[in-house]
Amino acid sequence: MAIFSIKMRASKNANGKSMHISGAEKILSEGELCPNADALIERALHHAKGDADFINVKIERTRPSEIEYVDALPVSTIDVADADEGQRTILRLLEKIGITNGAEIMKRFKDTYAMRGAMLLDVDTMTRLEPDKERGIRATYMDAEHDASRPASDEKNHFAEAIVLASKVVSAPNIIGEICMSDDPDYVTGYVASPELGYTRITKLKQMGDESGGRIFLYRGKKEDAPQTIAYLEKQRVLVRNVPSTPNAQKNSAPCKKPASPLQPIIDDLANRKKNALYRSMRVIDSAQRARVSSGGKELIMLASNSYLGLVDHPRIVRAAQDAIAQYGTGSGGSRLTTGTLPLHMELENELASFKGTKRAVLFNTGYMANVGIISSLAKLGAVIFSDELNHASIIDGCRLGHAKVVIYKHSDMADLEAKIKEANAPFGVIVSDAVFSMDGDVAPLPDIMHLAKKYGLLSMVDEAHATGVIGKTGRGIVEYFGLTEKPDILMGTMSKSLASEGGFACGDDTIIEYFINAARSFIFSTSLAPATLASALEALRVIEDEPERVQRLKDNTALFIKKLVELGIETKSDSAIVPIIIGDEAKAMNVAQKLYDDGVFLTAIRYPTVARGSARLRAAIMATHDDRDLIEAAEKIASAIKACE
């Protein structure tokens, strides 16, 4: 995924001189650029300090490897009666970090009011270290760590933006603290920040309506080391983790306006989701997930189930689950490393390893937990994760929970991946990709991924959640699909789709599986899978091996469905059993899905944040148990519903 730095600077002409009005900066994904650029321009045009005569918006591509992550400073608030008490409070705080000449430093504060940047002041010699005294030092290239769901806003969050800046500043070499007063006439709060004090808000440092304000970076060190400090402040890309949006409520905090109800933020969020056609609800299915299901008192063609081979009610599998309950009961009784390992666990792991052609396998409670456990445990060893930009959310969350250094490469773009591998120069890294991408149905270029992994000494991992039982001549997945003799280092998959059960697994050699057993927290601290779950997955695996014609029937059904849609003017394609039907607008996708449900087709609308904004779709999942009549009827109703909603 491409990452960009965006900066906005606005100024006006005042008595022949340029006067700074507003400035802001963010680090964003490509999809966030346009709405955030619009919001920043809107902020510049309507500012309390006046109308801008000059607005500059600068956008630069940023490599993920250039970004440093720092933790947000802890926050405290000191409520003061007036600005004079606020100034005295600053002096007391400076003394706490070993600065005894605070009064002299505060006299310099007035010299910062007209500066575009901050004063860099040696606290021991009182020497100003900025190369350009009129401009000052600008701490730039920073933002709060966030995901794409953060809304663009033309309103300045003084608190959050100050936390970001202060957290970066005190991370710079030789900086022992910072003092700041906002130049916004409507904002009178300032702060003192340091590693020892954290971020300490002082509620009043000036009178309301006062446009004065500025900041001083407090330096302690050799003068010849100042360029290193300046380079960090002005050039280093920084994302700040865990930035709060509002001040923490503390005993000595200034009173804050509370919502009418503790639930109000949640109520507002749900209302916003409804307004933007992003609200989610559940439909009850009253039958097994066959080709046709019962829901809402009627029969519908099922086109949304991941039970690709239609095995959820296979007599052999149902009987195996019943027998397991009769022998072992309904629960496993503990985690795998305490009392929760049954013979069924070992048997299923052995057969999964055999099916995938690896030495070992280990089970997890869900596919999500498998990815979280695998990736976070590797990240703990310092692995750089090279991740396809369209990888599943569980892969993304595994990276986040492991605090991994992540390098996002363009979807299935091997040239981009290789360039980023070279740039990162990682001593230990893992290339991670979905095998079949769950929203588009395309297959990852595994031979090229493995080639690059081998060339640069990296591990390779594929998520086969939507590949097992689906691709390859006999449903063994992506390795069989490409006819490879070598395998990725880690083959991850699930039992919740073609294997008609639930749970996840990882396959690999002895060393890597032993590591996951000892280091993957989602394995170690979870109660193990129940006997019926294990037995049904085990029997489903055996059915796939005994009835390979199911895999071929699934492929034939998918081809027929796509052919019929194209004949009806709906452009789509797929390399798997997932057929994306792009609608675009979220509200329209919801309307089409509802119309189909009313007309007897169970097909859900996939919307942001599962897919990018503006790329909402119907995601059809084909089953081996669909007959031609099901698929042709469904295709005709889909085409009709889309046309009716235009």
Side-chain angles (χ1 to χ4, degrees), residues 1-7 23-30 32 36 58-75 117-118 120 137-148 150 160-178 180 193-196 198-199 215 217-219 221 225-244 375-376 378-387 389 396 398-409 419-430:
M1 179 177 65
I3 298 176
F4 295 85
S5 166
I6 181 171
K7 300 180 187 176
E25 54 198 276
K26 300 177 184 293
I27 296 175
L28 306 166
S29 64
E30 184 174 354
E32 297 175 278
N36 276 277
K58 182 179 181 181
I59 299 173
E60 300 172 83
R61 185 181 291 272
T62 292
R63 293 186 292 269
S65 60
E66 294 176 330
I67 297 174
E68 178 179 318
Y69 290 80
V70 304
D71 291 321
L73 291 170
V75 178
L120 182 63
I137 303 299
R138 291 203 64 87
T140 59
Y141 296 107
M142 58 198 169
D143 199 358
E145 184 183 31
H146 64 282
D147 59 29
R150 183 180 72 177
E161 292 184 17
I163 288 286
V164 169
L165 187 145
S167 299
K168 176 180 179 178
V169 168
V170 302
S171 298
N174 302 310
I175 295 293
I176 63 170
E178 178 198 4
C180 174
S194 77
E196 298 88 350
Y199 177 92
R215 66 182 73 244
F217 299 153
L218 306 174
Y219 181 95
D225 292 337
Q228 180 188 4
T229 303
I230 294 170
Y232 183 96
L233 293 168
E234 296 195 333
K235 299 297 183 183
Q236 177 62 53
R237 275 69 169 165
V238 168
L239 284 174
V240 182
R241 299 188 185 101
N242 304 315
V243 175
I375 295 171
S376 64
L378 293 171
K380 284 191 296 187
L381 299 178
V384 176
I385 308 297
F386 298 91
S387 180
E389 65 179 334
I396 296 169
C399 294
R400 289 173 176 167
L401 290 172
H403 302 291
K405 180 178 181 181
V406 184
V407 176
I408 308 295
Y409 64 89
K420 286 174 176 173
I421 291 172
K422 289 179 180 177
E423 183 182 338
N425 192 28
F428 175 42
V430 189

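Only this structure's heavy atoms are used, side chains among them; waters, hydrogens and symmetry mates stay out.
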Next on the checklist: Keeping Q236 on the side-chain end and I67 on the backbone end, is there a donor-acceptor pair under 3.5 Å?
Outcome noted: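 Judged by distance alone, no pair lies under 3.5 Å.
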
Item to check | E234 side chain vs R138 backbone, donor-acceptor pair below 3.5 Å | outcome: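 Checked: pair present.
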
Item to check | Nearest atoms (heavy-atom pairs only) where S167 meets A72 | outcome: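 For S167 and A72, the tightest heavy-atom pair comes out as OG-CA, 3.5 Å.
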
Output the distance between atom [atom1] ([X]) and atom [atom2] ([Y]), rounded to the nearest 0.5 Å.
| X | Y | atom1 | atom2 | value |
| --- | --- | --- | --- | --- |
| I230 | Y219 | CD1 | OH | 8.5 Å |
| K420 | I408 | NZ | CD1 | 8.0 Å |
| K168 | T140 | NZ | OG1 | 5.0 Å |
| Y141 | K235 | OH | NZ | 5.0 Å |
| N36 | I27 | CG | CD1 | 12.5 Å |
| M142 | K7 | CE | NZ | 9.0 Å |

Checklist entry - Any chance the side chains of Y232 and E68 put a donor and an acceptor closer than 3.5 Å? => result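 Note: Y232 and E68 side chains meet the donor-acceptor criterion.
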
Item to check | Test item: R215 and L165 side chains (from C-beta on) under 4.5 Å apart, heavy atoms | outcome: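 Counting from C-beta outward, R215 and L165 do come under 4.5 Å.
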
Next on the checklist: With heavy-atom distances below 4.5 Å as the criterion, would you say the side chains of D143 and R150 are in contact?
Outcome noted: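 Yes, side chains in contact.
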
Checklist entry - Going through the distances and angles, do S65 and K405 end up as a side-chain contact (heavy atoms from CB on, under 4.5 Å)? => result CA-CA 8 Å; S65 60; K405 180 178 181 181; 4.2 Å; yes

